[in-house]
Structure formats: structure tokens, C-alpha cells
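Read the structure below first, then the notes.
The sequence lines fix the lettering, A, B, ..., with proteins before strands; numbering per chain opens at 1.
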Number of protein chains: 2
Amino acid sequence: MPGPAVSIRDVASQAGVSVGTVSNVLNRPDIVAASTRNRVLAAINDLGFVPNDAARQLRRGRGRTLGLVVLDVANPFFTDVAKGVEDATGAAGMAVIFCNSDGDPAKESRYLDLLEEQRVQGVLITPVDDANERLVRLRERGVLVILLDRRSTRPDVCSVAVDDRLGGELAIRHLAEAGHRRIAFVGGPWRLEQVRDRYHGGLHALREAGLTEEHLRRFETPSPTVAAGRDAASRILGLPRSARATAVFCANDLLALGVLQELTRQQVRVPEDIALVGYDDIDFAAAAAVPLSSVRQPRQRLGQTAALLMLDESNNPDGHRHQQVIFEPELVVRESSQFTRTPN
Amino acid sequence: MPGPAVSIRDVASQAGVSVGTVSNVLNRPDIVAASTRNRVLAAINDLGFVPNDAARQLRRGRGRTLGLVVLDVANPFFTDVAKGVEDATGAAGMAVIFCNSDGDPAKESRYLDLLEEQRVQGVLITPVDDANERLVRLRERGVLVILLDRRSTRPDVCSVAVDDRLGGELAIRHLAEAGHRRIAFVGGPWRLEQVRDRYHGGLHALREAGLTEEHLRRFETPSPTVAAGRDAASRILGLPRSARATAVFCANDLLALGVLQELTRQQVRVPEDIALVGYDDIDFAAAAAVPLSSVRQPRQRLGQTAALLMLDESNNPDGHRHQQVIFEPELVVRESSQFTRTPN
DNA sequence: TCGTCCGGCTGAAACGTGTCAAGGTTAGCC
DNA sequence: GGCTAACCTTGACACGTTTCAGCCGGACGA
């Protein structure tokens, strides 16, 4: 049943040429005479020949695939990023091995092993931890590494990120200006740099507004998911009303949607009782029970840019200049934070 | 900078054994003496050797990767399916090449080419079209094919699906029982079997309730997305009120969320003016502006089962029995359809 | 003592492709 | 007609594995 497994050699004999010529037709069609080329192409068609990428890769040293490692497949933010990556790579005829670290360093490590065995051309990754030992090693072995949604600290590594501190600032400034003085920050796990940056950006805005760290209370979550958001909301509502936050800023929209669900369930009105701001502006934010204010990131461009950077570094190793691309986030105000409060 | 590219041969000489032995340590550790094995492992560690999967694949004929082709990465339904696939394959040390056909036959075809070149072990696919010529060819060449979210018509191809006709029945029966007599069906493109099945299931329920085809008006969409849902809603609202549907059943939740957004924007109340039922019960359905009634599918199990079926067929080619697994969907009623209407 | 068996290991032959030096043909030119 | 150059094509080798027939040496039985 498994067909005859036709190889370049069969094509060669069918077309009456040498294997070298067939290979040339495949890789540098211009250097072979038109008549020969057509004969070879016909043979390829007749036999239904499909080149074996493993052999090609073995010979060439590196393959036509690249790895994409994200923190959470279920998060629309990352699927949009992935879409951007796919657009750029698909056009270049490259395959993407999609890996989901789930924020787990062990899983991330396993996937990096796998990608290394695959001899991928490069890895686009949103790392779980900070300065990743593994990534340095990967680079030393000739695997291109590009940081995604994370700013690179090394000048020899490209990165594409969004200014998370600025994003945090925008959100908290918005809330502070609306009169909020007790704000909850929901995010985690804390080892994620994005979470920390958004928090610190918020702090910065707070100080600018003449407030202090005490006005921004942290609620760390074990994961950035809807379920974790619901939990965090319960914890917030567990406080006596007088100490309870009047606004919540979430490190991403999934958390915010979770918070919103739980608040609604417990009959707390948004934004009248508690205002809410999320992060990412995923498509579902606008469709939420209360349309969600959020900090928008250029998700697809993020992925696309990262992929293009990789392709450039790959095709043009010498001319390539490493860059740290930073996009600017943008606050989108919707109903969930539209309520002005008189500071008490 | 690209390190020395250490191969199995280097390991062999460092450990003072032959390459065959190193290979054995890697693949059948039990047949090599413990002392030798340790020596080899130490050498592997010292040199930081990482096996080259391309070479292995070349020799073995097939690799340790499989392809997953879905209709839309941005649809949480498919990311959940992907998560299921990943769970099962990750445990088996396999890599998943994630492909997004976007419902476009040309893109699907390009990806199948790519997967064929990669000599993947198998392909899990939700095909765009019906009886796919390409898939048959793929199978003939020894690539395992498993249909995902689509029932197989061939006895020699495994499939894992959910009973879409039943799902359509559940939804429409629910609406008919609530008194609705003018129902709109929003879905598309029509070439997707899922869409057609859900529609026909709905028709069936309608007839059971003593109604006819005229009570279910079709609104075809160019794609199953939020934006297309908004468009469809405008079209529905374009009709004179007396002819306008009092309930809308959408072929998936993205469409339903789009419909909901547009209805809300045009001040049409859900469910009082128009009731709404979606399909898939993605996590965001419950968090929508009006919590969405929806037909739930076991998304993760779908992916997981498909992957396991593939692994089984792959590891156990003879003992394997082809199966068409069918899961049952389940109606989840939420606010968006909780309104009983007196038939006029 | 010889023969047999067996666990461990070796060495070489594939797998399907890309590359490259070298060969072959043709046309152009003096 | 011979020389050169331009253009195509060839054939062999290399890439890093796996696999397998076969070798070696020691243990065991007769």
C-alpha cells in the first residue's frame, strides 16, 4: 500500500538525465537548458515525485522549518501572533513547528530540545524565564533566536516587543485620572517579565499622579487565564468594602474576562462599583458582557516582524543588523472603565 | 560562531567505541553493556551532542513529526483541539507542524505539499472540501491521514468527529420549543460540511416540530468569523420587522458573537427581541455581553483522540482497526435564548 | 579438548539529496 | 581548421544516522 517511494534517481532515469541535473532543475532552474528542464519536470509530474526534505536538510545543514514557542495556545493574543508568523513564513515556503510551553519551564525546555534535534533554522520564542541559558546555547549552535513579546538584553539577539511599561502606564493613568485611588493589579505568574513590566509601568503612572505604591495592590495569579481571573476576583471581593479596590487592572484580557465574570456573578456592577481594564485587546474584549477597556498591541505585526527578521538574518547573515524592535501600545477605552469617581 | 556541529562520530571516538554502538545507546540502550553505555552517555554530555533528526528520518523513512491542518487558528475551537493533539503527541515525543488553511483550498493544498515533503508520519486534518483527492493520494504514499471534526466516508480512514446533525437538532428544537417560528441560520461558507450538517440537523428538528423548511431562513457567510457575523446580523435586520427572524442559530460561536455585537449596536435586545444560539461553546461564549447559549463539543478530547488514533496506527500498523469515532454534542442554555415567545 | 552458544561490539552499506570539479558539446572568431 | 569561451551535463562524494551481518572472546557442556 505505501507507494513506491519515488526518489530523485527515478526521475533522473525516467527523464534520461543524471541526478545532478534533476537537483539543478529543482534548485537552480535557470542554469539548465529549457528543453532538459521540461523533460525533467514532466518526469517529476508523471512519477509524482516529492522531494524529501530530510535528505535536503541533511545535506544543507539546516532545514526549512522554524520553531515558534508561545506561552499559551489558548490565548487569542498568541494565536494572532502566530497568524502573523504564518503569513510571513508561508510566503517564504517555510514550515512552522508550533510549540506551547504553557508557561512551564520544563515543557519549554523539552520543546527546545525537540527543535534543536529538528535543526530548525530559527526559534521565535516568548521565553518563560528571563535570561535564558538555553537560548544562548542554541545561538552558539547556529540556531537563530528571536525574542517575541520580550525585549532582548543582548545586543546580538533580535527581539520584537511592545512597550509593556508604557502599556501599564496608560492603563493606570487612565484609572487614576478617573479618580480611582484603590486599584488592584491582577497578573501572574510573577516570573513573566510582561507581567512585571506592566505592573511597574502602572506604578510609574501612579507616582506621576502623586500617588504611591500603596494605591496599587498586587494580586498574583498562578496563570494568566480566565479561571485564574475568577479566583482573583473572589479574593478582591473578600476584602471589606472600605478597603476594596474600586478599579482592577489585569495583565491580560483573559484575566480581565475572568474577573468580569466573577464580579457579575457576585452582583458587583462594572464599571459603577468596580472599573476594569484589561490588556491585549483581543477580539473578544469588545464582545464581553461589559465591553472591556484594554491596552491594544499590534499582535499580528508582532509575529510578522519577528518572522521577517528571522528570514532576513537567515538569508543575509552578513548584512543583517540585529535589532530590538519596540512597538507602542494604545489604550482603548470602552464601557468597563467609563465611570468617574470622586476620590474619597 | 556556529559551533563545531558535533555528530555521532565525534561521540564515538571520544568514548572509544564505534558509531554503531553510540546509535545503540540512543535507540536500544538495553543491548549495550552498562559500562560502555555510561561511557557513551558521558561523551554525549561532554560534547553536547544532539542527534540530527533529519538523518534519522532519512534512514528510517519517516520522521517524528505530524501535521495538523485546521480551518482557522484564530478560532478557539481549533486551538482547544490543538491543545488536545499536543497533549497526546508531546507525551510521545513527537513534534506537531501546525498549519492553518484558513478555509482556503489553495492554502490547504500548499500545506499538504509541505507536509508531504517533510515526510510526516501522519496528518490530522479538517479538510476544506469533501472527498479530498489529495488525501487519498497522501494515504497511498504511506502518510497516515485522520479526519478531524469530520466523519470519514471511507472505511479505511480513521475519523474523529462530533455529530453535527444532532447538534443542529438540539439547537433548533430548543428554539422551536420556545415558540420561535421565524428562525435564521447563519453559517458559511457552504462548502464546509460542518455548516451544512448543522443546518440539516436543524431542518430535521423543525419537521419533527411540525414546521417546514420555510421557517428556517439561511444566511450564508463568506467565512465563520466575528466580522462575518456582524454582516449577517445587518442583513437580518434589513428585513421588515414582520418578516424578521425572532431567533438566530449560528454555525459557530464566532459568528454568534458577531451577530450579538451588531444586534446590540442596533439596539436590538437579546433574547427579548431576538434569541441567539451559537455552536462550539468556546470559553468566551459564557463571557459574552449576553451569555451565549451554545452547542458544546468535547474540543480537547477531539484532538487527543485523533492523535492517539494516529499513534496507534503508526506503532501498530497491523493490529490497528480503523474507526470512525463520533462524539455527542450537548446543548448549553444560557441567557441569550432564555425567553419564551408566544407563536403568532 | 573441542564445539557451541551468546552477549557485546564493529564496520560498512544504505537512505535521498546538494555540490562541485571535470568533461562534453557547440558556436564564434581569426 | 584550430582555439577559446560559453553553456550544459555528468558522476562521485558527503551529510549523520540506522541497521545488520559478522567478529571476538569467554562460559558452558560433553
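Under the ring-ring contact (aromatic ring centres under 6.0 Å, His included) criterion, Phe98(A) pairs with Phe98(B), sequence neighbours left out. The salt bridge (Lys or Arg N to Asp or Glu O under 4.0 Å) check on Glu117(A) picks up Arg64(B), with sequence neighbours excluded. Legend: residues meeting side-chain hydrogen bond (donor to acceptor under 3.5 Å, both in side chains) with Ser223(B), ordered by chain and number and at least two apart, are Thr225(B). Asp312(A) pairs by the side-chain contact (heavy atoms from CB on, under 4.5 Å) definition with Asn316(A), His320(A), not counting sequence neighbours. A search for side-chain hydrogen bond (donor to acceptor under 3.5 Å, both in side chains) contacts involving Asp113(A) returns Arg134(A), not counting sequence neighbours.
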Could you pull out all donor-acceptor pairs under 3.5 Å where a side-chain atom in residues 142-151 of chain A meets a protein atom, sequence neighbours excluded?
from	atom 1	to	atom 2	distance (Å)
Asp149(A)	OD2	Gln194(A)	NE2	2.9
Arg150(A)	NE	Glu193(A)	OE1	3.1
Arg150(A)	NH1	Gln194(A)	OE1	2.5
Arg150(A)	NH2	Pro127(A)	O	2.6

Which donor-acceptor pairs under 3.5 Å do side chains of residues 304-311 of chain B form with protein atoms, sequence neighbours excluded?
from	atom 1	to	atom 2	distance (Å)
Thr305(B)	OG1	Arg301(B)	O	2.6

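Under the 4.0 Å criterion applied to side-chain N and carboxylate O atoms, Arg28(A) and Asp30(A) are not assigned as salt-bridge partners.
Distance Glu117(A) CD to dG16(D) P: 15 Å, rounded to the nearest Å. Put simply, CZ on Phe49(B) is 8 Å from C1' on dG16(D), counting in whole angstrom units.
Arg37(A) and Pro29(A) make their closest contact through NE-O, 3.2 Å (heavy atoms, listed as atom of the first residue, atom of the second, distance). Heavy-atom minimum distance, Gly63(A) versus Gln121(A): O-NE2, 2.8 Å.
With contacts defined as side-chain heavy-atom distances shorter than 4.5 Å, the pair Val81(A)/Val70(A) does not qualify. Under the 4.5 Å side-chain criterion, counting only non-hydrogen atoms from C-beta, Val325(A) is not in contact with Ser159(A).
A donor-acceptor contact shorter than 3.5 Å is absent between the side chain of Arg299(A) and the backbone of Gly84(A). In this structure, the side chain of Gln57(A) engages the main chain of Gln118(A) through a donor-acceptor pair within 3.5 Å.
Contact check of residues 53-61 of chain A against DNA chain D (heavy atom, cut-off under 4.0 Å) returns Leu58(A), Arg59(A). Contacts with DNA chain C (heavy atom under 4.0 Å) in residues 19-37 of chain A: Gly20(A), Ser23(A), Asn27(A), listed by number. At a non-hydrogen distance threshold of 4.0 Å, nothing from residues 38-46 of chain B comes into contact with DNA chain C.
Remark: Leu71(B) CG to Phe77(B) CZ distance equals 9.0 Å, nearest 0.5 Å.
In the helix from dT1(C)-dA30(D) to dC30(C)-dG1(D), the terminal helix axes, each the rotation mapping four pairs' C1' atoms onto the next four within five end pairs, subtend 50°, rounded to 10°.
Scanning DNA chain C 5' to 3' for nucleotides with an atom closer than 4.0 angstrom to a non-hydrogen atom of chain B gives a first and last hit of dG8(C) to dG16(C).
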